[in-house]
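Each remark here refers to the structure printed beneath this line.
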Amino acid sequence: QSALTQPASVSGSPGQSITISCTGTSSDVGAYNYVSWYQQHPGKAPKLMIYDVNNRPSGVSNRFSGSKSGNTASLTISGLQAEDEADYYCSSYTSSSTYVFGTGTKVTVL
Amino acid sequence: EVQLVESGGGLVLPGGSLRLSCAASGFIFSSYRMHWVRQVPGNGLVWVSGINSDGIATSYADSVKGRFTISRDNAKNTVYLQMNSLRVEDTAVYYCAVESIGWYVFDYWGLGNVVTVSS
């Protein structure tokens, strides 16, 4: 199972919006609405930000939103803040009954 | 408060074995699927293995199938990862995670445990 494809880095200024893409195949992202997104600060454990494509867990800012079209899912961070600087990973369930993560995207707040 | 605490990592020779444990608290452990995810420092997350709530159904990444075994003890609120025939490329931080908020999502994670395979 190959990793889902994400851009290596995305940057934006405070207050701006950025979007991170996550491209898979018809056997994972395109097959199910089980795409989730995780934020990871250096040296820390990942934190769930979005699940089931566009649902936010309790406590996660509404500046984070998700969507999906075909084999590509996206995470949008609006009103970018310094604390959003971190690595972001997407994940999807697969038709092989396994799970696959994305390659990861480093978000930099300029 | 949900807590997941991994233990059992360390330094092991190639071909050796280790058993990781993950002690859970703050939720009804016996109701939820559990997973192991690993990360080589500086690299991305990789799903390793998962086990359903009653311990009957398990699944593995191809890279560890036949070498790693996941199990759980619901009486002890603990999930395990038995790692045999370890390879240098198994060196990573190993996280346990629970799938509780919905299907196929890792909503709480432990702090991770380092496994180093080296001669």
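Within every chain, numbering begins at 1; the chains are lettered A, B, ... in the order of the sequence lines, protein sequences first and strands thereafter.
For B:Y95, the part lying under 4.5 angstrom from a heavy atom of chain A is the side chain only. Heavy-atom distances place both the backbone and the side chain of A:T98 under 4.5 Å from chain B. Only the side chain of B:V37 comes within contact range of chain A, with at least one heavy atom under 4.5 Å from a heavy atom of that chain. With a 4.5 Å cut-off on non-hydrogen atoms, B:Y60 touches chain A through its backbone but not through its side chain. The contact between B:V46 and chain A is made entirely by backbone atoms, counting heavy-atom distances below 4.5 Å. Contact annotation for B:E99: only side-chain heavy atoms (C-beta onward) come within less than 4.5 Å of a heavy atom of chain A.
Among residue pairs with one or both ends in residues 54-95 of chain A, those qualifying as ring-ring contact (aromatic ring centres under 6.0 Å, His included) are A:Y32-A:Y93, A:Y93-A:Y99, A:Y93-B:Y104; sequence neighbours excluded.
When atom types are taken as modelled, the side chain of B:T78 and the backbone of B:K76 share a donor-acceptor pair closer than 3.5 angstrom.
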> Could you walk me through whether B:S17 and B:V12 pass the side-chain contact (heavy atoms from CB on, under 4.5 Å) check?
Replying inline: CA-CA 7 Å; B:S17 299; B:V12 62; over 6 Å; no

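Salt bridge status for B:R72 with B:D54: absent, with no side-chain N to carboxylate O gap under 4.0 Å. Looking at B:D90 and B:R87, no side-chain N of the basic residue comes within less than 4.0 Å of a carboxylate O on the acidic one, giving no salt bridge.
B:R67 contributes atom CZ, which lies 6.5 Å from atom CG of B:L86 (distance to the nearest 0.5 angstrom).
Both tests hold for B:R19 against B:Y80: distance to the six-membered ring centre under 6.0 Å, angle to the ring axis within 45°.
Applying a 4.5 Å heavy-atom cutoff, the residues of residues 40-62 of chain A that approach chain B are A:Q40, A:K44, A:A45, A:P46, A:L48, A:Y51, A:D52, A:P57.
Residue B:L11 qualifies as enclosed at atom CG: its count of foreign heavy atoms under 6.0 Å is above 12.
In summary, the side chains of B:D107 and B:S100 do present a donor paired with an acceptor at a separation below 3.5 Å, with no hydrogens or angles considered.
When B:N43, B:L45, B:I101, B:V105 are compared by the number of non-hydrogen pairs under 4.5 Å with chain A, B:L45 comes out ahead.
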